[in-house]
Amino acid sequence: MVDCKRVLFLKYGQRKSTREIAAILKCGKTTIAEFLSRFEACDRNVLSYPLVEEVTNERIWTLLYKTNTEDGQHSQFREPEYEKVVSSLKKKGQTLKRQWRLYNQVGVVNGKKPYSYRQFCQKVADWVDGQETVSHILRNPGENIELDYAGMKLSLKSAHLSEDDIDVTIFIATLSYSSYFYAEGLTCCDEKNWIRVCNNAIYYFGGITPLITPDNCKVAVNNNKDWIDPSMNETFQNWADYYGTAILPAAVRKPRWKPAVENAVKVVTQDILVEMADMTFFSLDELNCELWKRTDKRNSENFKDLDYSRYDKFLSDEKNTLLPLPSQRFEYIQRKEAKVAPDLSVSFDGNYYLMPKKHVGSIVEVRATAFTVSIWSKSGDKIKEYRRSYDKHRWIYDEETAPRTASDYSYWTPDYFMAKAGQIGPNTRAVIEKVLSSRKYPNQSFRACYGILNFSRKYGADVLEQCCLSALEVGRPNYTYVKNIIKAEALSGEKIADSQMRYKVPDSEYSLSDLIRKQEAER
């Protein structure tokens, strides 16, 4: 298409001849002559010179060259259902050829025939181009951090050949303006690790932005069906409140809402993970050290056809715009509801934290950080706080909650358990006595006593008495030994009973003489 506006300017503004215009525009004289002829024949109410400012070359060309014949020709064809065609192509096994065949086999409808395959493809492509037109989103320095997981995973080799490799998921955080990114591998994508890598990312950047845009993973977003009012994960929301930022999750399955991190995922996958997939790692620390080294290198490489890198853009334009971080990092808090037992304890992570007497039987919430365990009432009041213990089966208490005498607290007393054991037998009583004397405070052994005595309900008093005798003989009168041996005895009994039921021949299949011989043999 020639430059219509310039042709008209040269002809009517500068009074050039057709030959001169063709030479200036370097096109054929016949083309210029036909164009001017069409312009002269055009209705002056539709198009005239001088041109109005809004008229474009495309508009002039359409007015002069679009004929009624062309309009009538297009009206002879039946338009495809474009949205349905494009939606079907997303399904596995579907092709444009198959969609055309389905469209073509309908035939002529209301006098309109189907397009040929080539025309069909072109019409679908034009429709897609019109639908997917998007505008560039302007990003401001220090405005947003985008979070996502890479689709490709790495793996850790086990030191034991018999064990399977461990998958490593790659977390990526990206500053929207500079595209400066952080990457870290994690073997478990739970709340605790999500908070940990988010902390590492913002301290790597040296600040945080007013907005955080995560993907819709469960550790970040509980529900985001309508996008208007998403339901955030409580722990992640507490994290955002601590750092003074707001969470604005992307719409579900809308990667264009977080283009910076999507591009970073592509860069990390193609330039880093593909190469690291051929490497062998035996620990997560070893893998992350290599990943961080490659991340820093990639951040320092210049953009294509530019003389600066992500890191350069971050330092010059974005670093100073980030919000400052507090001196202490946000601590992940494990939460668990528990009931204060009759022995005054709350069980958490294999240990027992003692409570004041008045809270026995009440439901409390345990909140544990890496260093402390605090117990809160349902009304939101803190009851006790202890230093967290990573040992197992320890009783943690202070001067206020230290046991004095068992009779001070509830019906669980040494006399109570001794009386219950005496009802079963002397061996059980002896074991309970040993268990009670094994702790500094009798209260600490009440659960073990309760567990031992409770076996009599499931397995019977005789079985428990026999197992307690065995525990005394081998010098191991404790709950763990009794539990293991009584379960072993029960399992052995089940196998014997099952064997007898499987191989015993019904009495009806014996003859009278066989039964007599069997009885004599048994005598």
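Index from 1, following the sequence.
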Sub-4.5 Å side-chain heavy-atom contact between Ile208 and Leu322: no
Chi angles and distances behind the side chain to side chain contact (heavy atoms under 4.5 Å, CB included) call for Leu284, Thr187: CA-CA 8 Å; Leu284 186 61; Thr187 55; 4.2 Å; yes
If you define the side chain from C-beta out and look only at heavy atoms, does anything of Lys458 sit under 4.5 Å from Asn454? no
Side chains of Asp296 and Asn299: do they bring a donor and an acceptor to under 3.5 Å? no
I'd like to know whether Ile172 forms a side chain to side chain contact (heavy atoms under 4.5 Å, CB included) with Val265, so could you lay out the CA-CA distance, the side-chain angles of the two residues, the decisive distance to 0.1 Å, and finally the verdict. CA-CA 7 Å; Ile172 300 176; Val265 167; 3.8 Å; yes
Indicate yes or no: at least one non-hydrogen side-chain atom of Met355 is less than 4.5 angstrom from one of Ile375. yes
Does the side chain of Asn199 come under 3.5 Å of the side chain of Tyr243 through a donor N or O and an acceptor N or O? yes
I need the minimum non-hydrogen distance between Leu453 and Ile424, along with the two atoms involved. CD2-CD1, 3.9 Å
Parallel, tilted or perpendicular: which describes the rings of Phe303 and Tyr308, with under 30° parallel and over 60° perpendicular? perpendicular
Below 4.0 angstrom, N of the basic side chain to O of the carboxylate: do Arg310 and Glu301 qualify? no
Taking only residues two or more places apart in sequence or in another chain, which ones pass ring-ring contact (aromatic ring centres under 6.0 Å, His included) with Phe181? none
Would Lys313 and Tyr177 count as a cation-pi pair here, with the cationic atom under 6.0 angstrom from the ring centre and within 45° of the axis? yes
Return yes if a side-chain donor-acceptor contact under 3.5 Å exists between Tyr182 and Glu184, otherwise no. yes
Taking Ser155 for the side chain and Ile166 for the main chain, is one N or O donor matched with an acceptor at less than 3.5 Å? no
Any side-chain heavy atom of Asp398 sitting closer than 4.5 Å to one from Tyr386? yes
Got a donor-acceptor contact below 3.5 angstrom from the Asn222 side chain to the Met232 backbone? yes
Heavy atoms of other groups near Phe371 CZ, more than 12 under 6.0 Å: no
Can you tell me if Ser456 uses its side chain to pair, donor with acceptor, with the backbone of Gly460 under 3.5 Å? no
Are Lys297 and Ser300 side-chain neighbours, meaning at least one heavy-atom pair lies under 4.5 Å? no
Determine yes or no for a side-chain-to-main-chain donor-acceptor pair under 3.5 angstrom, with Arg367 supplying the side chain and Arg335 the backbone. no
Out of Ile145, Ile202, Ile212, which one pairs with Thr245 under the side-chain contact (heavy atoms from CB on, under 4.5 Å) rule? Ile212
Return yes if a side-chain donor-acceptor contact under 3.5 Å exists between Asp285 and Ser283, otherwise no. no
Is it the case that the side chain of Asn140 and the backbone of Glu143 share a donor-acceptor pair, with hydrogens and angles ignored and the cut-off at 3.5 Å? no
Can you tell me if Glu286 uses its side chain to pair, donor with acceptor, with the backbone of Phe282 under 3.5 Å? yes
With distance as the sole criterion, is a donor-acceptor pair present between the side chains of Glu465 and Thr428 under 3.5 Å? yes
Any chance you could lay out the ring pair (Phe, Tyr, Trp, His ring centres under 6.0 Å) test for Phe446 and Tyr416, step after step, and finish with the verdict? CA-CA 10 Å; Phe446 284 174; Tyr416 169 80; 8.8 Å; no
Heavy atoms only: give me the nearest Arg298-Val267 pair and the separation to one decimal. NE-CG1, 3.5 Å
Treating Ser345 as the side-chain partner and Ala341 as the backbone partner, does any N or O pair qualify as donor plus acceptor under 3.5 Å? no
Exercise: identify the closest heavy-atom pair between Ser389 and Ile396: CB-CD1, 4.1 Å
Less than 4.0 angstrom from a charged side-chain N to a carboxylate O is my criterion; do Glu191 and Lys218 meet it? no
Which is it for Asp241 and Gln237 under the side chain to side chain donor-acceptor pair (under 3.5 Å) test, yes or no, and what are the steps along the way? CA-CA 6 Å; Asp241 294 340; Gln237 184 62 60; 3.1 Å; yes
Just how far is it from atom CG of Leu464 to atom CZ of Arg457, taken to the nearest 0.5 Å? 12.0 Å
Report yes or no: do Tyr450 and Tyr479 form a side-chain donor-acceptor pair below 3.5 Å? no
Between Thr269 and Lys266 (side chain of the first, backbone of the second, donor and acceptor by atom type, cut-off under 3.5 Å), is there such a pair? no
Over all atoms of both residues, closest heavy-atom pair of Leu273 and Ala150: CD1-CB, 4.2 Å
In Å, rounded to the nearest 0.5 Å, how long is the span from CG of Leu287 to CD1 of Ile170? 6.0 Å
With no hydrogens and no angle check, do the side chains of Ser374 and Thr372 hold a donor and an acceptor under 3.5 Å apart? no
Could you report the tightest heavy-atom contact between Pro210 and Gly142, atom names first, then the distance? CD-O, 3.1 Å
Could you verify whether a donor N or O on one side chain and an acceptor N or O on the other, from Ser309 and Asp312, lie under 3.5 Å apart? yes
Aromatic contact between Trp239 and Phe236, with the criterion being ring centroids under 6.0 Å apart: yes or no? yes
Would you sort out whether Cys449 and Leu436 count as a side chain to side chain contact (heavy atoms under 4.5 Å, CB included), showing the intermediate values? CA-CA 8 Å; Cys449 294; Leu436 288 170; 3.7 Å; yes
Are Cys189 and Trp194 close enough that some pair of their side-chain heavy atoms sits under 4.5 Å apart? no
Do other residues, nucleotides or ligands put more than 12 heavy atoms under 6.0 Å from the CD atom of Glu262? yes
Is it true that Ser178 and Glu318 share a donor-acceptor pair across their side chains at a distance under 3.5 Å? yes
Under the criterion side chain to side chain contact (heavy atoms under 4.5 Å, CB included), I'd like the reasoning laid out for Trp395 against Arg439: C-alpha separation, chi angles, the key distance, then a yes or no. CA-CA 10 Å; Trp395 290 73; Arg439 299 279 186 174; 4.0 Å; yes
Is it true that a side-chain atom of Thr174 and a backbone atom of Ser176 form a donor plus acceptor pair closer than 3.5 Å? no
Determine whether Phe171 and Leu186 make a side-chain contact, defined as any pair of heavy atoms from C-beta on separated by less than 4.5 Å. yes
Compare all side-chain heavy atoms of Cys467 with those of Tyr459 and state whether any distance is below 4.5 angstrom. no
In terms of side-chain geometry, is the basic nitrogen of Arg294 or Glu290 positioned less than 4.0 Å from the acidic oxygen of its partner? yes
Distance only, no hydrogens: is a donor on one side chain within 3.5 Å (strictly under) of an acceptor on the other, for Gln466 and Asp462? no
Determine yes or no for a side-chain-to-main-chain donor-acceptor pair under 3.5 angstrom, with Asn427 supplying the side chain and Cys468 the backbone. no
Check the side chains of Asn144 and Thr213 for a donor-acceptor pair under 3.5 angstrom, ignoring hydrogens and angles. yes
What closest approach, in Å, do Asn351 and Arg394 show between heavy atoms, and which atom pair accounts for it? OD1-N, 2.9 Å
Hey, is Glu365 close enough to Lys336 for a salt bridge, meaning N to O under 4.0 Å? no
Quick one: OG on Ser377 to NZ on Lys382, what's the gap to the nearest 0.5 Å? 12.0 Å
Could you tell me whether Tyr311 atom OH has more than 12 heavy atoms of other residues or ligands within 6.0 Å of it? no
Quick check with a 6.0 Å cut-off and a 45 degree axis cone: is Arg329 positioned over the face of Tyr203's six-membered ring? yes
